[in-house]
Amino acid sequence: MQEELFIYNTLSRSKEKFTPIHKGMVGLYVCGPTVYSDVHLGNCRTFISFDLIYRYLLHLGFKVRYVRNITDAGHLEGDRDEGDDKFAKKAKLEQLEPMEIVQKYTVGFHDVMREFNALPPSIEPTATGHICEQIEMIKSIIEKGYAYEINGTVYFDVEKYNKEFPYGQLTNRKLEELLEGTRELSGQDEKRGRLDFALWIKAKPETLMKWLSPWGWGFPGWHIECSAMSSKYLGDTFDIHGGGMDLQATHHTNEIAQSQACNHKAPVNYWMHTNMLTVNGVRMSKSAGNGFLPGELFTGSHPLLEKGYQPMAVRFFMMQTHYRSTLDFSNEALQASEKGYARLMNSIKTLENLKTSSSSTSNIKELQKKCYEAMNDDFNAPILVANLFEGARIINSVNDGKETISADDLGLLKKLMHGFIFDVLGLKDENSLASNDKVLEGVMDIILDLRKEAKAKKDFAMSDKLRDELAKNRIMIKDTKEGVNWSIEQ
RNA sequence: GGUCCUGUGGCCGAGCGGUUAGGCUGAGCUCUGCAAAAGCUCCUACAGCGGUUCAAAUCCGCUCGGGACCUCCA
């Protein structure tokens, strides 16, 4: 089943056949969160998208080294290349040590990722843990002539770099165009070129997070962190680098420049960018104030939310849109996903008790092929989901006796449904918790037995009362040919 | 202002030159004591105007809407 995998590469703006540098292995780097505040749902979408990609690569049998960093230093508020970073600012606000801020939001981030059933990366390096590597890299860039120091701050010389390498390749832009769009250097600016960005920033007396470097006390620029950490764990050139689309123009463009200047080779073969989550057509972001936190989403405690939504329903909602498309959030869409997800999960339960026949009326192999084709075409999860619903239809039809399935095909169908739904899409059945509760099961057996007796005596008032009262307690009863099923509605 | 993306049925969302996307909603039918669940059927759309082509939602041009990036953001 090792069909060819195609990945949309931002560098070429087209889908390319994926060929890893080392056969059977993939080096994957994704820009992680800056942990100075809670992650909102928009942030989560990127990490969930890459979780899908990571899971599918694993599913195909690749040995994947997935590196996702934690930015815990050096990320400045603006482009001033001066002042405190986000952590110090927040620390002052909350009257905490910067590293308390980092710890608090890192833990929060991990909690959220666990709720969304995202696999942890193989390595999760922190920027503060790799200051030496960053300093070494900056030294190397200076030695090669692409950076200069002024007053304890080191800048990357974009114009010099651009003479030898293309600077704006990721966004398909020329330096001259970029310069036009940039504002004039203000009087206090010490850097030479308008596009030059800081690799190392001199600490002010009040700066809280600072390290000693060859250029004095200071802290690293944001872009150098990812370059240093990715090359440390994945090599000077690795397979896939991902992140949100908002990082493409600046952060990733600068990463390429730094690595290229340092090693004289392209750092990444495939650049992947995930699209944004929008609310009412506008991008969800901290500054726009339209972001809500995963916690608020789960409980429904936000003015934009009509109710709370289970993490898996939200994850499924995201899986129904391609990672390169914007995803617009709405209660209506989320509720639609919630129902579709429940239907898919019910079919999985039904799958366990399916009766086999000597032959099959549906082509399961063909269905399997379609699932792989969808995912091999740049991780097209929406099409995969459509095919899985076809699988659900087959399951229900067989269960109804309207279709048949052979033992071999049933095995294949189980493998397919479980593999794609749980391993690849990373979903899990949240409602099955109750079925493990032996006490509840015993009580339910008694109630259902009473109802059965009432029905036998045609005491429908009683049987309906039992059903309605249980429903009030979120326990739903379904009468089927084989007997009575019950489940807890969320 | 510059760079780029985008406009699909009641809603969400795939497709991107010829073939059913899929989910949700709504209607009908089957099953059923009644429901629910499930299955089947129906509601067949591609912003507008031109052009290319045997053939366009899909390619090209224009017009009108949305949005992103160019300044921190996944």
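These numbers were taken from a predicted model, which means no experiment stands behind them.
- The side-chain contact (heavy atoms from CB on, under 4.5 Å) search around Thr404(A) returns Ser357(A), Ser359(A), Thr361(A), not counting sequence neighbours.
- Counting any heavy atom pair closer than 4.0 Å across all strands shown, Met284(A) reaches a base atom.
- For Lys210(A) (side chain) and Ala203(A) (main-chain N/O), no donor-acceptor pair under 3.5 Å exists by modelled atom type.
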Practice problem: Can you run through RNA chain B from 5' to 3' and write each base as (, ), [, ], | or . depending on how it pairs? Watson-Crick or G-U wobble, both distances under 3.5 Å. | Solution: (((((((..(((.....[...))).(((((.......)))))....(((((..]....))))))))))))....
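- Within 4.0 Å of Ala386(A), counting heavy atoms only, lies at least one base atom of the nucleic acid.
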Polar-atom pairs under 3.5 Å, protein N or O versus N or O of nucleotides 32-38 of chain B: list them with distances, or write none.
| residue | atom | partner | partner atom | Å |
| --- | --- | --- | --- | --- |
| G33(B) | O6 | Ser463(A) | OG | 3.4 |
| G33(B) | N1 | Asp464(A) | OD1 | 3.0 |
| G33(B) | N2 | Asp464(A) | OD2 | 2.8 |
| C34(B) | O2 | Arg467(A) | NH2 | 2.9 |
| C34(B) | N3 | Arg467(A) | NH1 | 2.9 |
| C34(B) | N3 | Arg467(A) | NH2 | 3.3 |
| C34(B) | N4 | Arg467(A) | NH1 | 3.4 |
| A35(B) | N6 | Asp479(A) | OD2 | 3.0 |
| A35(B) | N1 | Asp479(A) | OD2 | 3.4 |
| A35(B) | N3 | Arg467(A) | NH1 | 2.9 |
| A36(B) | N1 | Asp479(A) | O | 2.9 |
| A38(B) | O3' | Asn396(A) | ND2 | 2.8 |
| A38(B) | O2' | Asp400(A) | OD2 | 3.3 |

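- Evaluation of the side-chain contact (heavy atoms from CB on, under 4.5 Å) rule for Asp449(A) yields Glu453(A) as partners, not counting sequence neighbours.
- For the C1' atom pair drawn from A68(B) and U30(B), the interatomic distance equals 50 Å after rounding to whole Å.
- Heavy-atom distances under 4.0 Å link RNA chain B to His40(A), Gly42(A), Asn43(A), Thr46(A) of residues 38-46 of chain A, given in residue order.
- Taking only side-chain atoms of Leu277(A), from C-beta outward, the nucleotide of A74(B), G23(B), U25(B) with the closest atom is A74(B).
- The side chain of Asn399(A) contributes no N or O atom lying less than 4.0 Å from OP1 or OP2 of G39(B).
- Qualifying side-chain hydrogen bond (donor to acceptor under 3.5 Å, both in side chains) partners for Glu124(A), counting only residues two or more places apart in sequence or in other chains: Arg68(A), His110(A).
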